[in-house]
Amino acid sequence: MWNNPLDTCSVFDLMQQSPGQLVVISGPSGSGKTTVLRQVFERCPWLEASVSATTRAPRPGEVHGEDYFFLTKEDFAARRARGEFLECFEVFGRGHWYGTLQSEVAPRLAAGKWVVLEIDVEGTLAVLQTYPDAVTIFLRPETVEELERRLVTRGTESPEAIARRLEVARHELEFIDRYQHQVVNETIEQAVDDICQLLERTREQAAASAAS
Ligand code: 5GP
């Protein structure tokens, strides 16, 4: 069967006209989340990452304005008082403040973009108050035991740091039912595939309902 070029055009036009969409992704750190998300952004260039603000110090190689906006505690508090954050929290088990700046989200949504937040569970619940239609995805390890095995095998952290990460993971897993989608991170490739496919499907449905 021939493809009708007009059909292709109209789908493209609809994609352009689709309203913006917020996507929120959470999951315990130490489970490959950063690598998975990097590949998701490569495969779906129509997704835009929101850069969070934090009071924690940059890790080696991290760039201000790309990985995070690294702020002093005073600057963070002043912005918080001025209402510049969509949500902000002293993230569980971290002892540092993290927050999503309104300026990273609202203008892009208004311009019809798909904006991805990578934030913790408390942040997600707060965002849902403002954007109840956000697509929420929890990227989870198969089990906490599997996460522990990975952290121990990786050998980059002390037993105390691993114990703290596992405590945080257990806390986050208590909120998993609040997310629309759960993706099990068995391998990087499968997790990237699952996330991209579900977002592509959602995008097509949004385009179809914008057309009707
Ligand atoms: P890390 O310090 O390892 O980069 O991130 C620690 C935790 O902070 C992760 O669980 C991450 O999801 C969370 N986080 C990063 N940015 C934000 C944010 O803007 N808001 C909230 N609530 N959590 C965030």
Side-chain angles (χ1 to χ4, degrees), residues 22-38 40-41 47-73 75-109 115-131 134-141 144 147-148 150-151 154 156-158 160-176 178-179 181-183 185 191 195:
L22 196 59
V23 178
V24 184
I25 303 186
S26 304
S29 58
S31 62
K33 187 175 50 170
T34 311
T35 315
V36 168
L37 288 183
R38 198 175 307 125
V40 166
F41 285 116
L47 294 172
E48 295 196 5
S50 158
V51 177
S52 291
T54 182
T55 58
R56 84 153 162 77
R59 298 189 185 120
E62 284 186 330
V63 177
H64 178 79
E66 282 181 25
D67 298 287
Y68 281 103
F69 295 107
F70 294 100
L71 306 181
T72 61
K73 282 189 174 149
D75 189 6
F76 197 106
R79 287 171 187 271
R80 191 173 167 224
R82 289 200 296 269
E84 290 186 21
F85 288 107
L86 169 58
E87 59 77 34
C88 65
F89 283 93
E90 196 170 5
V91 167
F92 183 82
R94 299 262 162 183
H96 296 294
W97 282 83
Y98 293 80
T100 306
L101 290 158
Q102 303 271 15
S103 56
E104 285 290 299
V105 176
R108 287 167 165 172
L109 290 180
V115 185
V116 180
L117 310 183
E118 193 261 289
I119 62 177
D120 78 336
V121 289
E122 272 86 6
T124 304
L125 298 182
V127 165
L128 284 171
Q129 305 277 322
T130 313
Y131 295 103
V135 175
T136 52
I137 302 172
F138 194 96
L139 181 61
R140 58 166 296 169
V144 175
L147 180 64
E148 181 172 16
R150 282 191 205 190
L151 290 169
R154 199 165 71 173
T156 52
E157 281 171 86
S158 66
E160 295 73 35
I162 291 177
R164 209 184 61 237
R165 275 192 193 271
L166 293 175
E167 188 198 351
V168 174
R170 283 195 190 92
H171 170 74
E172 296 202 312
L173 282 162
E174 284 172 19
F175 292 84
I176 197 163
R178 310 294 284 272
Y179 288 75
H181 306 280
Q182 299 178 14
V183 171
N185 188 6
I195 293 176

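When a ligand or atom number is given, it counts from 1 through the structure's own listing order.
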Say whether Arg59 and ligand 1 are in contact under the criterion: heavy-atom distance to a ligand atom below 4.0 Å.
yes
For Gly99, is the nearest heavy atom under 4.0 Å from an atom of ligand 1?
yes
Under-4.0 Å heavy-atom contact with ligand 1, by part of Glu87 that carries it
side chain
Please could you name the atoms of ligand 1 that Lys33 approaches to less than 4.0 Å, counting only its heavy atoms?
10 (O), 12 (O)
From Leu147 CG over to Asn185 CG, what is the distance, rounded to the nearest 0.5 angstrom?
9.5 Å
Contact check, side chains of Thr136 and Arg178, non-hydrogen atoms, under 4.5 Å:
no
Kindly state whether the ring of Phe175 and the ring of Phe138 have centres lying under 6.0 angstrom apart.
no
Considering heavy atoms of the protein only, find what lies nearest to atom 15 (C) of ligand 1 and give residue, atom and distance to 0.1 Å.
Tyr68 OH, 3.3 Å
How long is the gap from OG1 on Thr124 to CD on Glu87, to the nearest 0.5 Å?
7.5 Å
Does a side-chain N-to-carboxylate-O contact under 4.0 Å join Glu160 and Arg164?
no
For atom 19 (O) of ligand 1, the closest protein heavy atom turns out to be Ser52 OG, 2.7 Å
Counting only heavy atoms closer than 4.0 Å, does ligand 1 sit against the backbone of Val91, its side chain, both, or neither?
side chain
Using heavy-atom distances only, which candidate in Glu172, Arg165, His96, Glu118 approaches atom 11 (C) of ligand 1 most closely?
Glu118
If you take all heavy atoms of Ala53 and Leu71, which pair is closest and at what distance?
CB-CD1, 3.8 Å
Distance from atom 13 (C) of ligand 1 to nearest protein heavy atom, with residue and atom:
Asp120 N, 4.0 Å
Sidechain-backbone polar pair: Glu157 side chain, Ile162 backbone, donor-acceptor under 3.5 Å
no
Within the side chain of Thr54, is there an N or O that forms a donor-acceptor pair under 3.5 Å with the backbone of Trp97?
yes
Looking only at protein heavy atoms, which one is nearest to atom 2 (O) of ligand 1, and how far off is it?
Tyr98 OH, 2.5 Å
So if I count the atoms of ligand 1 from 1 in the order they appear, which ones are less than 4.0 Å from some heavy atom of Arg56?
1 (P), 2 (O), 4 (O)
